[in-house]
Amino acid sequence: DGVDQLPPNEKKIYEVVDPQVPLGASAYKDFKPKKGPPWKIGYASSYAGNTWRAAALDAVMNDLLPRSKEAGLVSEVVVTQSDLKDAVQIQQMRQMVDDGVDAIIICCSNVTALNQTIEYAYKAGVPVFSFSGYVTSPYAINGAANHAQGGGEMATWLADKIGKKGNVLLVSGIPGFASSDSFDKAAKDALAKYPDIKIVGEVAGKWTDQVAQVEVQKFLATNPIQIDGILTQGAQENGVLNAMLQSGRDMVPITLGGEASAACYWRQNPEWVDAGFHIWPPRREMQQMWEIMLRTLEGQGPKVQSFLRPVLPFTIDDVRASIPEDCDLNSTDFVEPKADGWFPSAIADQYFERPADPWKPVAK
Amino acid sequence: MISTVLNTEIGATRGASPLRKHKSISIGFCLLACLLILGALLVPGFVSPQNARSILLLAAFLGLASVGQTLCALVGALDLSIPYIIGGANILLPSLMVAGLPAPVAMIVVLLLGILVGACNGALSFRLQGQALIMSLGLGFAAVGAVQIYTSLGSQFGGTVFAPVPGWLRNLSAFNGKFFGLPFPPVIVIWAFIAVALGWIMHNTWFGRSLYAVGGSRTAAARLGISEFKIWTVIHSVSGAMSALTGMLLLGFSGGGFVGVGDPYLFTTVAAVVIGGTSLLGGAGGYGATVLGVLVLTVLTSLLVGLGLSFPAQQAVVGLLIVPMVAIYARSPHIRNQI
Amino acid sequence: MGSEITVRMVDVAKAFGETRALKQCDFEARAGEVHAIVGENGSGKSTMAKIMSGVLHPDAGKVTILGEKVASPVDAKRVGLTTIFQEVLVADEASVFENLYVGRDGVFRSQSTGDRRTEAAEILARLVGKSVDLDQLAGSLPLSIKQWIVIARAILRRPQVLILDESSAALDLDSTLRLHAEIDRLRAEGATILIVTHRIAELVRIADRATILRDGITVGTLGKDEITEENLLSMMTPADRRASDATEYASRKKALSAPLILTATGLAAHRSARLFDFDLPKGSIVGVAGLDGQGQDAFIRVLAGIIQPFGGEVKVRSVDTDKMIGLQSLDDAAKLGVSYVSGDRKREGIFPQQSIFENLAIGVYRKTLGPLGVIRKPTLKSMFKREVDRLRIKIGSPSNRITSLSGGNQQKVLIGRAFANDPQVILLNDPARGVDLGTKRDLYRELRLFAEKGGSVIYVSSEIEEFIGFADRVDVFFGGTLFRSLTGEEIAEAPILAAMFGKARDASVDFDLERTA
Amino acid sequence: MMSVTAFRQVTQDRSLFVPAGLFLVLLCAVAFRGQGLFTNNGLAGAILVATPLILTTLAITPIVMAGRGAVDLSVGPLMGFVNVTLITWLVGNGITHPLAIIAWAVGLGAAFQLVQALVIIYVRVAPIIVTLSGFLVLSGVNLMVMSRPGGVAPDWMLSWGAGTSIFSPVLLLLLGAFAIWGVLRGTMFYRNLRMTGADERMAYTSGVQVDVVRIIAHTVGGVFAGLAALSYTALISSGDPTQGSTYTLQAVTALVLGGASLSGGRGGALGSTLGAINMFLISYLLSTFNFGTVSGFVTQMAFGLILVGSLLVNVFVISRRTVA
Ligand SMILES: Nc1ncnc2c1ncn2[C@@H]1O[C@H](COP(=O)(O)OP(=O)(O)OP(=O)(O)O)[C@@H](O)[C@H]1O
Ligand SMILES: Nc1ncnc2c1ncn2[C@@H]1O[C@H](COP(=O)(O)OP(=O)(O)OP(=O)(O)O)[C@@H](O)[C@H]1O
Ligand SMILES: O[C@@H]1[C@@H](O)[C@H](O)OC[C@H]1O
Ligand SMILES: [Mg+2]
Ligand SMILES: [Mg+2]
């Protein structure tokens, strides 16, 4: 059941996975929404302070919502933000349910804290979609990159890049949040395979450039030791990069997750690294979740609880193609895969019992 | 006869009294020395120009943020708006610059707003005494909320502002900043200057003496024509100004506006004041003591980091040390002795 | 007499750091007596009281109260000892009723409160002279009623031993009489009453015996007939200190004809009180008397610029221009050279965490400020020395905290603060409260000297004795207004008393000081 | 019955005017704005979400009432400490019996507060410093016990967090706390507590065992903190080492909104409860507006302004006492 129902090439994506990610069958296989389109959607975000969340919200408000309105699928999106407070997010979600939204999208929260609330929504006929991270509730649908795979691949890349030996600083996201933990765990496992590589420090960058910069600076200032490479999660690599630049130390390889600012530095210093990874493309992840949501509301019957995407490496040529020569070192944008390069509809169809084009305007 | 006795006594006690009176200061110095020795023995690279520079830099931020807390503690108040003003200034400055204000103008605007919040704080809370800290918390919430709403308008970011930080600001407070070619960031000098000036002001001006008077006895001070209202307003304004300044300087350090930069200063400023030996009940202590408190706290943290303690462990150790440290010099008298 | 001994202290010693508050204290009190404890400021009276109450523990010696050891106020409560400490300890946030019965029960155990309310209402009515709402918050009551609450709290406990540490210091005469009536009642019931007071007159009236403390040593006990001012003084004060003080002083009529330095016209210190005028000739000493709450307190605060009058104006002659200038605020007062000394030094006088030097100098800083409010310290040192010498303040080091001084010496520092400003007018609001006789005499002498050199003094006091042979004129307040001005021969106990009770001029007073309420 | 005494208290105790008034205004505003709250689910959810804050506010109430400016800063991390140890040490080791869990929560809360009380009394360091130290220590220790949010609450507790019935176990926790308070209120302890807070020297010299009173106040506060931790654990069905700390400021805010005085003597369970409920209602009310991503900031600003306003009203209108 669940993932087993998927075709083999999709099943492959689930081979290296955070064991906590629920892989069973979806509770929404036979789901029918309370009422027909246009639907009212709730987006209960837990945070609004970084480049990534901004891009994701932008994707909803300026791309997905207008298109869905035009297609007569969605009437409005209610957005809330809880400043990383679980109790507040719980209250906001419950209020959304009580106010009659038809579906709720949440983002990358604590993996268990919202479960009771998700069940509450489910019982009220409101499906909950968690994107860019999973929750363990059987009543949610998760959609994201396979962050464990990403952590592993980025760690392996870094290890190779620094010659399989040396000191590594790990800059994690928000400890305890789904994708952050999946990433760290897999990354550490991968680095553990190199006996000469040592993780000499671990700081939390909170997925925010400014925080990452301060934390890394403090670390570098108080730890005089040599650092040979920095393994960081996404939406904060530019902060890490700036901290290195300010420390006056020689530049070392840093893992890149798609922030256009850090990518710009790479474009200007092509020798610095040789690969980046689409592991958190905000607009694509949001689009993926949105389409899953539309399909579910349309009654297409999702087969699995968790929709994982493979992590895609990108090269300096991809960077050159998406940002100009005189790019902005302070950009807040992302280098992302092409619109259908992340979750193509042909593949998406394979995840649903009764696939159809989610964007097809409804006949009145 | 009495007068001759007195004369000799004035002479004799000059030397002895500062030590006795400033027990907390001497203890602070000892503690600092111990920590430095421990660091030198236990942590390789602890005694190095780089480490000294980074300790002083981090201390400078904490020190600047603690100016207001010290002044407030001297009248028995606590200013809980400090972290919020720091955070607010940290995002407001870049956002004003993005909006097209020239940097100096933007900085003055931020500074004035900081002073304004502080002034409201003092003016509204001087009657509240014990509740004053909540007033400052309320105003802090309101101020930071308003700033965040402002900076989020027309942007997708809440609580962060992405804007290039001017090079000179970066130089002021980044690790690799230079002070007239010398290898340390100017913010350290700014802090030292403010500390010396403040210490002098507290002891040699009417403002300083009135501040202690109000902290020691409100009514007695009122009888001398010292306006409690003015004192509260001024010190809270200073606190607001210093918080705004800290927030702006931190921008040069963090490379972008982030409202959370102030968070660590909520209780660390209080800890620095308390460890320094300023009573939270008012009337006794001073900024000199706080400077020591700040250094002790920063060196201790650096030592703990060097020993490989994680952040949570550092926090726990600092917490554990506060009570014994305060117990050495600031135990309250037994109630038997207060009758 | 000859009844059982209820309080016994044998060879008690107590030191606070280097200060030996009690060196050798032997004391006995019997059931059914009023026993006074007298001594100079800092001689150890309060320390004794606190030891008996279980608040402080002696370093050496034995203390037994009704045959038992008392190690805490809880013990004291158990054996039946109650102390009224000098400070008025009342919880503002609690009702009168709660204040009266605080500490009467165990931590969880409670006794029936049925009869308590009637009992409380009764006693309070008797003491205050009118009924008091028991459910009112104590914080909203005037100080005098709070004082009564504290006394009522003690009396309600029907103590076997009652200690009053200067409890009458802040009471006016009428109230004192009611308190004495209460004390008599308790004595008659066989209780032991220990009173600590500096008011010799009071003591002579009411005490059966008096024990004298000097420098922490009990130097002797006097019987009822031996209690006289001379006896007390000779035992309290070392011989060398006594000799110099005894110069007599005659009321100087001519001082009153000097040009006026301060005038108040059409003054209303209370909302509905009759308006009055007041004037102060240069170089004179004017005493202000009155029962509690008759307006004299508000009056002197108005003169000091602390509060605004309800009507009328105060003018003071300016030193520079010789013109009369309005005084409306503390700032005006400072500019015009009007200094104020409060008797409530704990609340509105001292800065407890500051040094003796700072406490004195802070009154003068403003006069010597340089640009930007910078203080000029060097000039202050000589000023400090001058004042300390002048008032014979007993201090250790000037950098010691002011709280290291005894109450009387703290008060002297505050008076020094006022003098140091070189004022033209000094306003003293009951400054000798809780101050011993020797210190008082020092104070009178200095004020006289000040007046002789052209300074002017207004002196508010609740003790009539203080005016006699000291003031050039005594203004008596009654009903919120200036009722009578007394000069020359009229400055004597009977006329002042008469005026205080609102009796008209020349009416003879027949006032039974021993009357019971 | 509860409501009658409550009513009498409101009319008698002026410090309750502001919170009660605010409560009514907010209630009307919420009723006007949205229907959601006054349904079974709405109320059930409100109880579920608001209970941890109400109980933490109750937890600091007796401590603050005991005076000496004893704002207990440690309460938030203490709640977090109970929460993470419960999940890691008990549930993590297979101990899930309800009695064991409840005893642990209540016992640990009480024990920690007892230690703080002893330090305050015998080491004689100002309470705010002791609790600041407690705050730092526990904030650190919580992350050491559990480095990140996670774990699961025991099975029997999962249903508590559903929030679909008003009469849920969470409500029982709340009522339990009120019951404890009600019992204490009837004893002399309560009066002694008020007296100690209002003027400790008076209480001491009058023969109140102030140390015992303080110890009990802290211990009771600790019990409430334990109950708060249970309700919090039920809310998030897991452990979280970071969120507890945010409750400190919220609880202190609620306490003051409820009309208590941080300098002691004034305050009570009713006021604290009203204060905490008002905080909930404010954020509920604001979420009925679609402020989008700035909603958090609007809420924060509104909290601030309402706090300022209610303090001012308290000082300038309600309090009769004049500054001499
Ligand atoms: N808690 C204390 N700490 C230090 N010194 C003290 C303390 N209590 C009293 N003393 C000192 O002990 C001495 C005796 O004080 P005590 O209060 O008994 O005097 P007193 O006779 O009551 O004086 P007064 O008439 O001024 O009230 C004084 O020198 C006083 O300064
Ligand atoms: N903790 C202390 N440290 C130093 N000195 C103290 C302390 N407590 C009291 N004293 C000194 O002891 C003296 C007597 O103390 P006490 O509290 O009895 O004053 P008091 O009786 O109220 O004074 P007074 O009767 O003169 O108004 C005070 O004048 C004070 O200087
Ligand atoms: O999922 C994460 C998202 O929540 C954060 O904001 O940015 C980075 C992502 O990994
Ligand atoms: Mg005394
Ligand atoms: Mg005395």
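Not measured: the values here are computed from a predicted model. Each chain gets a letter, A, B and so on, in the order its sequence line appears, and its residues count up from 1. Quick note: numbers below take in every heavy atom, side chains included, and nothing from hydrogens, waters or symmetry partners.
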Run C:Arg347 and B:Arg218 through side chain to side chain contact (heavy atoms under 4.5 Å, CB included) and show every step you take. CA-CA 8 Å; C:Arg347 210 175 70 87; B:Arg218 317 165 56 199; over 6 Å; no
Under the side chain to side chain contact (heavy atoms under 4.5 Å, CB included) rule, what do B:Arg336 and C:His57 come out as? Steps first, then yes or no, please. CA-CA 9 Å; B:Arg336 290 176 186 284; C:His57 295 167; 3.2 Å; yes
List the steps, then state whether side chain to side chain contact (heavy atoms under 4.5 Å, CB included) holds for C:Phe351 with B:Leu224. CA-CA 11 Å; C:Phe351 298 102; B:Leu224 290 174; 3.7 Å; yes
Walk me through it: do B:Ile226 and C:Leu330 pass the test side chain to side chain contact (heavy atoms under 4.5 Å, CB included)? CA-CA 9 Å; B:Ile226 298 169; C:Leu330 281 164; over 6 Å; no
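Surrounding CZ of C:Phe16 are more than 12 heavy atoms belonging to other residues, nucleotides or ligands, all under 6.0 Å away. The 12-atom threshold is exceeded at NZ of C:Lys367, counting heavy atoms of other residues, nucleotides or ligands nearer than 6.0 Å.
In this structure, chain B has heavy atoms under 4.5 Å from both the backbone and the side chain of C:Ile375. C:Ile306 touches chain B through its side chain: at least one heavy atom from C-beta onward sits under 4.5 Å away, while N, CA, C and O do not. Contact annotation for C:Arg376: neither backbone nor side-chain heavy atoms come within less than 4.5 Å of a heavy atom of chain B. With a 4.5 angstrom heavy-atom cutoff, C:Ile362 touches chain B via backbone and side-chain atoms both.
Side chains of B:Thr205 and C:Tyr365 form no contact here, defined as non-hydrogen atoms less than 4.5 Å apart. Under the 4.5 Å side-chain criterion, counting only non-hydrogen atoms from C-beta, B:Asn337 is in contact with C:Leu56.
The structure places CZ of B:Arg223 at 12.5 Å from CG of C:Leu414, a figure rounded to the nearest 0.5 Å. Rounding to the nearest 0.5 Å gives a distance of 7.5 Å between CD of C:Gln354 and OH of B:Tyr212. The structure places OG1 of B:Thr219 at 14.0 Å from NZ of C:Lys346, a figure rounded to the nearest 0.5 Å.
Looking only at heavy-atom pairs under 4.5 Å with chain C, the residue among B:Ala221, B:Ser217, B:Gly208 that has the most is B:Ser217. Annotation: maximal heavy-atom pairing with chain C below 4.5 Å, among B:Ala284, B:Ser279, B:Ala213, occurs at B:Ala213.
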